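Everything numeric here is computed off the predicted structure, so don't read it as measured data. Order of listing sets the numbers, starting from 1, for every ligand and every atom in it. Residue numbers run from 1 in the order of the sequence given.
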Amino acid sequence: MNKIGVIFDLDGVIVDTAKYHYLAWKELAKELGFEFTENHNELLKGVSRVRSLDILLNIGKVHLSEGKKQAYLESKNKDYLNYITKMGPEEILPGAKTILDTLDNLNIQYVLGSASKNAPLILKQVGLFDRFSGIVDGNSVSKAKPDPEVFLIGSKILELPPKNCVVFEDAIAGIEAANKINMISVGIGNKKILNKANYNFNNLTEVPENFFEKLL
Ligand code: B16
Ligand code: MG
């Protein structure tokens with residue numbers, strides 16, 4: 001029997017923190033004198049914090065010194081923290097807890113593989129921190145998705161070869177990262193956008209109960 005392990009992305013899979021990132025980035029754009037829309041925010045999903053600022057500045061055609069960029073990154077994160085410190089378990093996305101329960105019952109280990117430096121705090125806020133066998137986040141990697149570093153570290157924690165790891169992701173960059181190292185990629189969200197994934201579901205409630213047993 002094959003042994004598998006699971007790596008979950010955070011934003012867009014376990015919780016929807018994109019809406020809070022949006023509010024904080026929008027506030028920053030306002031300060032810089034331009035509008036930042038929900039469509040613009042789509043470009044930042046799964047992208048690192050530093051890269052997100054560059055994309056935002058590009059949208060507003062604003063040029064800043066490295067020092068100023070650093071200051072804006074800090075103030076954006078301060079705003080974002082104001083939102084996430086108010087989060088609670090009710091913000092866990094539908095189906096997420098059921099999947100974790102299923103994995104526990106099957107004795108399949110799972111870790112987090114997120115670009116967010118705030119991932120541990122968010123998991124604590126929603127009461128899921130202790131359930132994961134490990135957390136790989138924006139603090140643990142030097143290369144952002146689509147580089148597979150985050151998932152490779154995850155597979156090491158799981159003590160499994162990449163081909164035995166199942167990745168749940170909502171961002172194209174995350175699916176690309178998983179595919180690069182032959183992990184089993186599961187796209188959560190729009191199938192047309194995540195068409196490179198090995199499996200697709202609109203959300204976690206659609207994942208069949210026997211999904212993992214079939215992979216074993
Ligand atoms: P932070 P994920 C990502 O989370 C978000 O999707 C992305 O919008 C954000 O810029 C990135 O985390 C960094 O977040 O500012 O908290 O370090 O989808 O990889 O779980
Ligand atoms: Mg995500």
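Atom numbering of ligand 1 starts at 1 in the shown order; those under 4.0 Å from a heavy atom of Leu10 are 20 (O). Taking every non-hydrogen atom of Ser52 and a distance limit under 4.0 Å, the qualifying atoms of ligand 1 come out as 10 (O). The atoms of ligand 1 that sit less than 4.0 Å from any heavy atom of Lys117 are 1 (P), 16 (O), 17 (O). If you number the atoms of ligand 1 from 1 as listed, the ones under 4.0 Å from a heavy atom of Ser114 come out as 2 (P), 4 (O), 19 (O), 20 (O). Which parts of ligand 1 touch Lys145 is read off a 4.0 Å heavy-atom cut-off, strictly below it: atoms 19 (O). Ligand-side atoms of ligand 1 in range of Tyr80: 16 (O), range being under 4.0 angstrom from any heavy atom.
Across the listed options Leu44, Val47, Asn118, Val47 owns the non-hydrogen atom lying nearest to atom 11 (C) of ligand 1. Which of Ala24, Gly46, Ala119, Gly113 comes nearest to atom 6 (O) of ligand 1 through a heavy atom is settled by distance: it is Gly46. Which of Ala144, Gly138, Ser116 comes nearest to atom 1 (P) of ligand 1 through a heavy atom is settled by distance: it is Ser116.
Among the backbone and side-chain atoms of Glu169, no N/O/S atom is found under 2.8 Å from the Mg ion (ligand 2).
Proximity of Trp25 to Leu53: side-chain heavy atoms (C-beta onward) are separated by under 4.5 Å at one or more points.
Between the side chains of Glu27 and Tyr80, not a single donor N or O lies within less than 3.5 Å of an accepting N or O. Residues Glu209 and Thr102 have side chains that never bring a donor and an acceptor to within less than 3.5 angstrom of each other. Inspection of the Asn39 and Thr37 side chains reveals no N or O donor paired with an N or O acceptor under 3.5 Å. Under 3.5 Å, the side chains of Ser140 and Asp137 contain a donor-acceptor pair of N or O atoms. Side-chain contact of Asn202 with Asn190: a donor-acceptor pair under 3.5 Å is absent, judged by distance alone.
Residue Arg49 has at least one nitrogen or oxygen atom sitting less than 3.5 Å from a nitrogen or oxygen atom of ligand 1, judged on distance alone. Here's the thing with Asn77: none of its N/O atoms is less than 3.5 angstrom from an N/O atom of ligand 1. In terms of N/O distances under 3.5 Å, ligand 1 is not approached by Asp170.
Nearest non-hydrogen protein atom to atom 4 (O) of ligand 1 is Asp11 CB, 3.5 Å. Protein heavy atom nearest atom 2 (P) of ligand 1, with residue, atom name and distance: Asp9 OD1, 3.0 Å.
Computed with the Mg ion (ligand 2) at the centre, the Asp9 OD2 to Asp170 OD1 angle is 90°, stated to 10 degrees.
Under the 6.0 Å distance and 45° angle rule, Lys26 does not count as a cation-pi partner of Phe36.
Side-chain atoms of Lys196 do not come within 3.5 Å of backbone N or O of Asn179 as any donor-acceptor pair.
Ring to ring, Phe168 and Phe8 are close: their centroids are under 6.0 angstrom apart.
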